[in-house]
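Keep in mind it's a predicted model, so treat the numbers as computed, not measured. Lettering of chains follows the sequences in order, A, B, ..., and the numbering in each one begins at 1. Every heavy atom of this structure was used, including side-chain atoms; hydrogens, water molecules and symmetry mates were not.
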Number of protein chains: 2
Amino acid sequence: MPMDGASIDLTGIDPAHHAAVSRLAADMRAGGVRRDEPVRATFALLGDRWSTLILLVLGMGVWRHAELRRVLGRLGAEEKISQRVLTLKLRALERDGFVARAVSADVPPKVSYALAPLGESLHAEAWRLIGWVRDHAAAIEAARHAFDAQDE
Amino acid sequence: MPMDGASIDLTGIDPAHHAAVSRLAADMRAGGVRRDEPVRATFALLGDRWSTLILLVLGMGVWRHAELRRVLGRLGAEEKISQRVLTLKLRALERDGFVARAVSADVPPKVSYALAPLGESLHAEAWRLIGWVRDHAAAIEAARHAFDAQDE
DNA sequence: CGGTATCCTAAAAGATACTG
DNA sequence: CAGTATCTTTTAGGATACCG
């Protein structure tokens, strides 16, 4: 499988995007790339085990803390999120303007969470990613088996 | 800021998407949600510090291992990725069909990495996410300041 | 130069118990 | 029920050294 710069498959990448990418690539190779804030920010935002998942579920309506915790536990991975961590993540998401938190006047007070407008917007992106994986799950599975079968 | 089910801002969410989300939400609340494979798979795939970033850079061409490491170090966060981890992540991405690895016949052999077709496709999604964050960085920043300023 | 083996640390997350 | 305070565990990732 010979590889050279000219042989890259750019299927599905639109030209404007490709141009932007190429420019950045050139900068990178030249060593002149400044720490690109959006890139770093993106991964600081979503680089943990739960944040995107929380955003995803909150995108489905208004949730009480406990209810949200139960659902995340079922969705997430094998594990459940701990009460502490859920509170932590919600705080962080609220701080960044993604999540809205409302406390009722009841005794004991009821606390509800939903997406703030900024969160709604990001939610669409997250959902797209889920869609992509759903659509390509079979291909990924196949690649995995092929890789495991023979030693390259 | 009162919140009830009817008041959610669904700006920018298309109706079909919204319907799908609502159905899933209903399942969730009913407790009947099976562990939704695509969702979990997505986060297993991209839920770490480097994979998406690696995908992003690989989308810009063909890279040697060392060169890739340098660039990632500049882009990533403050830190550089260790040689071990880069190899680990590249292996995993190769296994899933995202990355192609080529070894030349030279002595010593040169190893090059690029995106496989499946990776090209995912790359577009990753890039979109970067774009989203770039476009909303100011809003996030503002929310953060507002949150920090007064104690809610 | 790319890869691997070892060891080690730091950060994230879990468990538990307690408060209003 | 939501939140917080401790304490402990896990583990992903870093440092280092060595091999082909």
Which residues pass the side-chain hydrogen bond (donor to acceptor under 3.5 Å, both in side chains) test with [X], not counting sequence neighbours?
X	value
B:R84	none
A:R69	none
B:S82	none

*Taking all non-hydrogen atoms of both residues into account, name the closest pair between B:L56 and B:H123 and its distance.*
O-NE2, 3.3 Å
*Of all heavy-atom pairs between A:G59 and A:L115, which one has the smallest distance, and what is that distance?*
CA-CD1, 3.5 Å
*asked:* Please tell me if B:K80 has a side-chain N or O lying less than 4.0 Å from either OP1 or OP2 of D:dA15.
replied: no
How many whole angstroms separate atom [atom1] of [X] from atom [atom2] of [N]?
X	N	atom1	atom2	value
B:L86	D:dA15	CG	C1'	15 Å
A:K89	D:dA2	NZ	C1'	18 Å
B:L88	C:dA5	CG	P	11 Å
B:I81	D:dA12	CD1	C1'	11 Å
A:R69	D:dT4	CZ	P	15 Å

*Between the two ends of the helix from C:dC1-D:dG20 to C:dG20-D:dC1, what is the bend in degrees, rounded to 10 degrees, where each end axis spans five pairs?*
40°
Taking N or O atoms only and anything under 3.5 Å, show me the protein contacts with nucleotides 1-4 of chain C, one pair per line.
unit_1: C:dC1; atom_1: O3'; unit_2: B:R64; atom_2: NH2; d: 3.3
unit_1: C:dG2; atom_1: OP1; unit_2: B:R64; atom_2: NH2; d: 3.4
unit_1: C:dG2; atom_1: OP1; unit_2: B:H65; atom_2: N; d: 3.0
unit_1: C:dG2; atom_1: OP2; unit_2: B:A66; atom_2: N; d: 3.0
unit_1: C:dG2; atom_1: N7; unit_2: B:Q83; atom_2: NE2; d: 3.3
unit_1: C:dG3; atom_1: OP1; unit_2: B:R101; atom_2: NE; d: 2.9
unit_1: C:dG3; atom_1: OP1; unit_2: B:R101; atom_2: NH2; d: 2.8
unit_1: C:dG3; atom_1: OP1; unit_2: B:Y113; atom_2: OH; d: 3.0
unit_1: C:dG3; atom_1: OP2; unit_2: B:H65; atom_2: ND1; d: 2.8
unit_1: C:dG3; atom_1: OP2; unit_2: B:Y113; atom_2: OH; d: 3.3
unit_1: C:dG3; atom_1: N7; unit_2: B:Q83; atom_2: NE2; d: 2.9
unit_1: C:dG3; atom_1: O6; unit_2: B:Q83; atom_2: OE1; d: 3.2

_Any salt bridge linking B:E125 with B:R128? Criterion: basic side-chain nitrogen under 4.0 Å from a carboxylate oxygen._
yes
*Any residue meeting salt bridge (Lys or Arg N to Asp or Glu O under 4.0 Å) with A:R144, in chain and number order, not counting sequence neighbours*: B:D96
_Atom pair CG/CG of A:L122 and A:L58 - distance to nearest 0.5 Å_ = 11.5 Å
